[in-house]
Enquirer: 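First the structure, then my questions, so here it is.
Both ligands and their constituent atoms are indexed starting at 1 by order of listing. Values reported hereafter were calculated over all heavy atoms of this structure, with side chains retained and with hydrogens, waters and symmetry mates removed.
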Amino acid sequence: MYRCPACGRGVSDDALVWRCACGSHLNYEGARPLRRAEIVSDERSLWRYEAGLPLGRSDAVAYFGEGLTPLLPGLREAEPFLFKLESVLPSGSFKDRGSAVLVNALVRLGVQEVVEDSSGNAGASLACYAARAGIDCEVYTPESTSPSKLAQIVAHGARLVRIPGPRDETARAVQEAATRRFYASHNWQPLFVEGVKTLGFELWEQLGLRAPEGIVLPVGLGSALLGCFLAFRGLQLAGEVDRLPRLYAVQAAACAPIHAAFQAGADDIAPVECGRSIAEGVATSRPIRRREILAALRDSGGGTAVADDEEIVAAGRDLAAQGLYVEPTAALAYAAARKLLESGTLRPDRANVVVLTGSGLKQGR
Ligand SMILES: Cc1ncc(COP(=O)(O)O)c(C=O)c1O
Ligand SMILES: [Zn+2]
């Protein structure tokens, strides 16, 4: 069952919808709590957590053995972070976790044609999974998206539509296409974030069935952050962890609506002007699940931070010097984590995870 957080309406999860009749997004209500005894330990992929997912391994037509990405310490003693290498997923970003669940669910419902809008990575991921599942895919991106992400989308056989202007313009343009084919939007579809929960499940298992002290993530529309929140809240309800990790949402200084709202103590965001940043994955002025993001930050005892392009470039260079090649949107998380450590918000004697959400191979211009 899906539930509308705005009007309370329930919608069957067999229905081919992407939002509530009232215009709000929907959330998945059927999530079952995962317990340690239910982990399928000989399944070396994110499907080992199928007990906590809306679908199981046997439903996964598009299957890559994806997940179980490395969790590695950095090489700088003064910065004792743990890096989660989401860059090694099949299409090179964490978005594959959401696509794995969303695309396989759509295949099960008989969907054969999808359309999506994306800053690049989610589109590349959807195109990759659609190719594997044998469904037809169309992706809308901003004109400014990195050429390497566009090449990836086209290589998988998806039709690419480039829209001038900022990311929000692309989101508006796709609405017309969404009347012709199924709108498999990673931002609207409730099942996408259900798949991203496996990021949280993996961190829990990799840390010896414990929650990290903190998780630092780049946040645009918030799927990585909400995925971690929902995973750990479920584990907490199941008695598997005794507290939530503190979640830190990181945004580009040029476009930071969540940061501004959180720092102001607001439970919704005020309209902000978004300037350009090399962190193209998080350039969103009005995230759909903004209230849920702000609530997750508050409930977890976390916070927000920003970094500018200069800090992002320096962070990317310092990660590469440690053997970790990531795109600017991912380096943003490290840039901000360093600032949070310097200010004493993150403690050096605790396990703090920095999620490296996308590969450096995507930043080619
Ligand atoms: C590399 C990378 N990191 C983080 C994000 C942010 O994800 P979300 O918009 O779900 O917060 C994106 C989104 O495109 C991305 O491409
Ligand atoms: Zn509604």
Enquirer: What is the nearest protein non-hydrogen atom to atom 3 (N) of ligand 1, stated with its residue, atom name and distance?
Expert: T357 OG1, 2.7 Å
Enquirer: Can you report which non-hydrogen protein atom sits closest to atom 13 (C) of ligand 1, along with the distance?
Expert: K95 NZ, 2.8 Å
Enquirer: Side chain, backbone, both or neither: which part of H186 has a heavy atom under 4.0 Å from ligand 1?
Expert: neither
Enquirer: Under a single-linkage definition using a 4.5 Å side-chain heavy-atom cutoff for Ile, Leu, Val, Met, Phe, Trp and Tyr, are I269 and L226 assigned to the same hydrophobic cluster?
Expert: yes
Enquirer: Looking at side-chain heavy atoms only, is the closest gap between F94 and S223 below 4.5 Å?
Expert: yes
Enquirer: Could K362 and E327 be called an ion pair, given the rule that one side-chain N must be under 4.0 Å from one carboxylate O?
Expert: no
Enquirer: Can you list everything that forms a side-chain contact (heavy atoms from CB on, under 4.5 Å) with A335? Sequence neighbours excluded, please.
Expert: A307, E311, A315
Enquirer: Under 4.0 Å, counting heavy atoms only: does E280 come that close to any atom of ligand 1?
Expert: no
Enquirer: Run down the list L221, T284, V250 and name the one with the heavy atom closest to atom 9 (O) of ligand 1.
Expert: L221
Enquirer: Is the ring pair Y334/F81 parallel, tilted or perpendicular, if the boundaries are 30 and 60 degrees?
Expert: perpendicular
Enquirer: Do any nitrogen or oxygen atoms of G220 lie less than 3.5 angstrom from nitrogen or oxygen atoms of ligand 1?
Expert: yes
Enquirer: Does the residue S93 have a heavy-atom contact with ligand 1, meaning some pair of atoms that are separated by less than 4.0 Å?
Expert: no
Enquirer: For ligand 1, which atoms have a heavy atom of V219 less than 4.0 angstrom away?
Expert: 11 (O)
Enquirer: Which residue and atom name correspond to the protein heavy atom nearest atom 5 (C) of ligand 1, and how close is it?
Expert: F94 CE2, 3.7 Å
Enquirer: Measure S223 to ligand 1 on non-hydrogen atoms and call it side chain, backbone, both or neither using the 4.0 Å cut-off.
Expert: both
Enquirer: Against heavy atoms of S119, which atoms of ligand 1 measure under 4.0 Å?
Expert: 14 (O)
Enquirer: Any ion pair linking K197 and E194 (charged N to carboxylate O, less than 4.0 Å)?
Expert: yes
Enquirer: Among all protein heavy atoms in this structure, tell me which lies nearest to atom 15 (C) of ligand 1, with the distance rounded to 0.1 Å.
Expert: N121 ND2, 3.7 Å
Enquirer: Scan residues 62-85 for pairs that pass salt bridge (Lys or Arg N to Asp or Glu O under 4.0 Å), counting only residues two or more places apart or in two chains.
Expert: R76-E79, R76-D318, E79-R338, K84-E202
Enquirer: Under 2.8 Å from the Zn ion (ligand 2), which protein N/O/S atoms are there?
Expert: C4 SG, C7 SG, C20 SG, C22 SG
Enquirer: Could you name the option among A330, G227, G222 that has the heavy atom nearest to atom 8 (P) of ligand 1?
Expert: G222
Enquirer: Of D309, I278, V282, V313, which is the lone residue that meets side-chain contact (heavy atoms from CB on, under 4.5 Å) with P328?
Expert: I278
Enquirer: Taking only Lys NZ, Arg NE, NH1 and NH2, and the carboxylate oxygens of Asp or Glu, determine whether R181 and D136 approach each other closer than 4.0 Å.
Expert: yes
Enquirer: Indicate, with yes or no, whether the SG-to-SG separation of C255 and C274 is under 2.5 Å.
Expert: yes
Enquirer: Restricting to pairs with a member in residues 260-272, which pass side-chain hydrogen bond (donor to acceptor under 3.5 Å, both in side chains), not counting sequence neighbours?
Expert: Q263-T304, D268-R290
Enquirer: Would you say V306 and V216 are hydrophobically clustered, going by side-chain heavy atoms of ILVMFWY under 4.5 Å?
Expert: no
Enquirer: What are the atoms of ligand 1, with element, lying closer than 4.0 Å to any heavy atom of E327?
Expert: 1 (C)
Enquirer: Does this structure show an ion pair linking R243 with E213, if we count only N-O contacts that are shorter than 4.0 Å?
Expert: yes
